[in-house]
Amino acid sequence: MAGVSVRLPDGSTKEFAHPTTALEFAESIGPRLAKAAVAATFDGVPVDLSRTLPDGAEVTVVTVTTPLGREVLRHSTAHVLAQAVLRLWPGAHYAIGPVIDDGFYYDFELPGGAHFTDDDLGRIGDEMRSIMAEDQPFVRHEHTIDEGLELFGDQPFKREIIEAVGAGQDEVDAASEGAGEHGVSTYWNSPDFTDLCRGPHVPSTGKLGHFALMRVAGAYWRGDEKRQQLQRIYGTAWETADAVTEHLHRLQEAEKRDHRKLGVELDLFSFPQQLGGGLAVWHPKGGIVRKLMEDYSRERHASGGYEFVVTPHLANANLFETSGHLGFYKDGMYPPMEMDNGTYYPKPMNCPMHCLIFDSRQRSYRELPLRLFELGTVYRYERAGTLHGMMRIRGFTQDDSHIFCTEDQLQGEIASLLEFVMSVLTAFGFTDFTFNLSTKDPDKSVGSDEIWEKATEALRLALETSGLEYAVKEGDAAFYGPKIDIDVKDAIGRTWQLSTIQCDFNQPERFGLEYVGADNGRHRPIMLHRALFGSIERFFAILVEHYAGALPAWLAPEQVRVLGVRDDHQDYADSVAAGLESQGVRVSVDPADEPLGARIRRAKLLKIPYILVVGDDDVAAGTVGVNQRGSDRPERGVPVGAFTDTLLAEIAERSVETPASISGNE
RNA sequence: GCCUGGGUAGCUCAGUCGGUAGAGCAACGCACUCGUAAUGCGUAGGUCAGGAGUUCAAUUCUCCUCCCAGGCUCCA
């Protein structure tokens, strides 16, 4: 065989006289690289280190600290998990074991309908460690489809994956599991374990070891709740033990920001059992934050050309028949109430009622775009298992708007909406946006293809003319029209889907909406649905988590707490507080019947932005000691006026950053 | 709705191999009067989620219901 020549990522080439594996290639570059290598890529395609270099390819060595390297590591660890489970439960069926963010999972069906319990995780982990200690190789084999079916004769899920080849819909899944038109690929670890897989894998199980099994869960086979439920085990795996520890630490930190926990600690809201699942009560401290959010929203909508409307919580069933909601979402609506003149439902959406407002009299093109806005409270019967604090709740309020416009106005409206959304969200401290365009789901939609085409194109053009990058989510639209969803990234890098802009040609048609045009003819308006917060409850929860409960001063339930050093500073503390209160500052005084340190601690735990300590010096000089949130270095002797001015400016600007210094001297 | 794990004082948790419960913090009272993250003493607080069963006896064992957590499914 002639020699081979391959290209390196830096553009240089390397020649080999004999057939050479990717591992030997890595060794030829350096022993450290070879040691860190877990896989390679040939012309961008990930492959095992044992593969032979193809002539002329661009070759990279994949090391364990890269995203692809970690994927290989996690995928390989998932295989070991399956092997361990099959050892411990002979006769178990194994399904799929893909890589996910920060980890992996594997789905199983245990013999005799057995289920994993949390206690099993320890045993399984031990078994995995012994497989890793055995340092078994991952040996790749290629088979024909028939051979594959034979090989996995007693494994129904593996057979189903292989059988999906050529059958259409599950092709992509099958390919990622190693089954395709070409045949199937498997990895052999030991005489007792072979798995179906595309690869690549680390060379041997000895390369693995830094992992943790996280939890047991149920998961439907193929994600279909009509099919059987399998037992899923989630795990995480990293290149070093320290990286595992760090990951677990990050999870702990995220837990500390959990809005449900902070909701109790900061006395913001609760879910009384007597109320019923998924229904919240807002306590005064949560209530004031909500009011501030709503005030700001109303203010922006007022200046944005919106008109305020109010609609009731119940509606005749006919309304939701007309809108189509009953047809598509009956199961997600609260059950109907029979009343003397018909059947009524709690409303799950505000849009049908806004259509009725449009339809209440004849409309002229001169009125368009007509922008109706409502903080509309809706009720949805979310399934019990989906409830999640304020994030997923059964009664909530949407900052809902419906814009009726002409076809000519559509483009401009969408573009200005995109601006509006980003501007409002920025005020709350979110600056990192991503955009998704969701298109028609053929199985769950109303209206003609032509109308959908038009609506989708309008959204696409608006995104493009605004110069925004976006991803397309096929089949993710609402039943009445395509939409743009806007995700934000929070302080610890998690993304949340917040705002939505939906283009709807269907409801105006279903409701028979019309306006009189300049041509004196009747025309159908187009309706844009949009929400910025989405649900106020959910947005509030995201805000709490984003700030870990330390809300910016303009949103903080209590902005300032004044502490006298001794009892005899009480009058001065009261007067400082009264002065601030007269300027609209939310302030309280904590009297000196406990040591100062204890009162400071309590105020810090409540995440109050400013703690003012006043003592003899301050009474004499008309100053305060300012202990700012996030700082461990209080400023003494700040004139009351200087503090007040800085604070009022911070609040008026709705600053999401705390000023570096209150006195302005530093 | 499905799978797994839970529910003990306002919060965080201990405990009872079946004999009706305990700590810290919080609350309340008294004393302390203090310059930047926990002053001391005392008081009160629980149908051990709810219901049924087994038992001389159930917070503990069994079953059912409700609620919570983590997933799955769903999310107009």
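Scope of the values below: all heavy atoms of this structure, side chains included, with no hydrogens, waters or symmetry mates. Proteins get letters first, then strands, A, B, ... in listed order; numbering begins at 1 in each.
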For this session: Report the distance from atom CG of A:D568 to atom P of B:C34, rounded to the nearest whole Å.
Result: 8 Å
Taking N or O atoms only and anything under 3.5 Å, show me the protein contacts with nucleotides 4-6 of chain B, one pair per line.
residue, atom, partner, partner atom, Å
B:U4, OP1, A:H115, ND1, 2.6
B:U4, O2', A:D118, OD1, 3.2

For this session: Measure from CE on A:M333 to P on B:C75 and round the result to the nearest Å.
Result: 16 Å
For this session: Answer with base, sugar-phosphate or nothing: what part of the nucleic acid does A:R602 contact at a heavy-atom distance below 4.0 Å?
Result: nothing
Seminar exercise, completed: Ranking A:D617 and A:D476 by the position along RNA chain B of their nearest nucleotide, the one closer to 5' is A:D617
Exercise. Which part of the nucleic acid, if any, lies within reach of A:A598 when heavy atoms closer than 4.0 Å are counted: base, sugar-phosphate only, or nothing?
Worked result: sugar-phosphate
For this session: Provide the distance between the two C1' atoms, one in B:U47 and one in B:A58, to the nearest whole Å.
Result: 13 Å
Problem set entry | Pairwise C1' distance, B:G7 and B:U59 [rounded to whole Å] | 12 Å
Exercise. Any donor-acceptor pair under 3.5 Å between the side chain of A:Y220 and the base of B:G1?
Worked result: yes
For this session: State whether A:R222 and A:D224 are salt-bridged, where the test is any N-O pair (Lys NZ or Arg NE/NH1/NH2 against Asp/Glu carboxylate O) under 4.0 Å.
Result: no
Seminar exercise, completed: Of the listed B:G35, B:U39, B:A76, the closest approach to the A:R636 side chain comes from B:G35
Problem set entry | Distance, C1' atom - from B:A49 to B:U43, rounded to whole angstrom | 28 Å
Problem set entry | C1' gap between B:G15 and B:G46, integer Å | 14 Å
Problem set entry | Nearest non-hydrogen partners of A:P609 and A:L551, listed with the distance | CG-O, 4.4 Å
For this session: Pick the P atom in B:G45 and in B:G29, then give their distance to the nearest Å.
Result: 16 Å
For this session: Determine the interatomic distance between C1' on B:A26 and the same-named atom on B:A38; round to the nearest Å.
Result: 12 Å
Exercise. Looking across every strand, which nucleic acid part, if any, lies under 4.0 Å from A:D618 by heavy atom: base, sugar-phosphate, or nothing?
Worked result: base
For this session: Rounded to whole angstrom, note down the P distance from B:C68 over to B:C63.
Result: 22 Å
Exercise. Has the side chain of A:E382 got a donor or acceptor atom sitting under 3.5 Å from an opposite partner on the base of B:C75?
Worked result: no
Exercise. Starting at CG of A:L230 and ending at C1' of B:C2, how long is that distance when rounded to a whole Å?
Worked result: 12 Å
For this session: Using the P atom as the reference point in each nucleotide, state the distance between B:G22 and B:G6 in Å, no decimals.
Result: 25 Å
Exercise. Is the distance between the ring centroids of A:F511 and A:F358 less than 6.0 Å?
Worked result: no
For this session: Quickly work out the A:K261 NZ to B:C68 P distance and round it to whole Å.
Result: 18 Å
Exercise. Could A:R538 and A:E382 be called an ion pair, given the rule that one side-chain N must be under 4.0 Å from one carboxylate O?
Worked result: no
Problem set entry | Donor/acceptor link under 3.5 angstrom from A:R383 side chain onto base of B:C72 | no
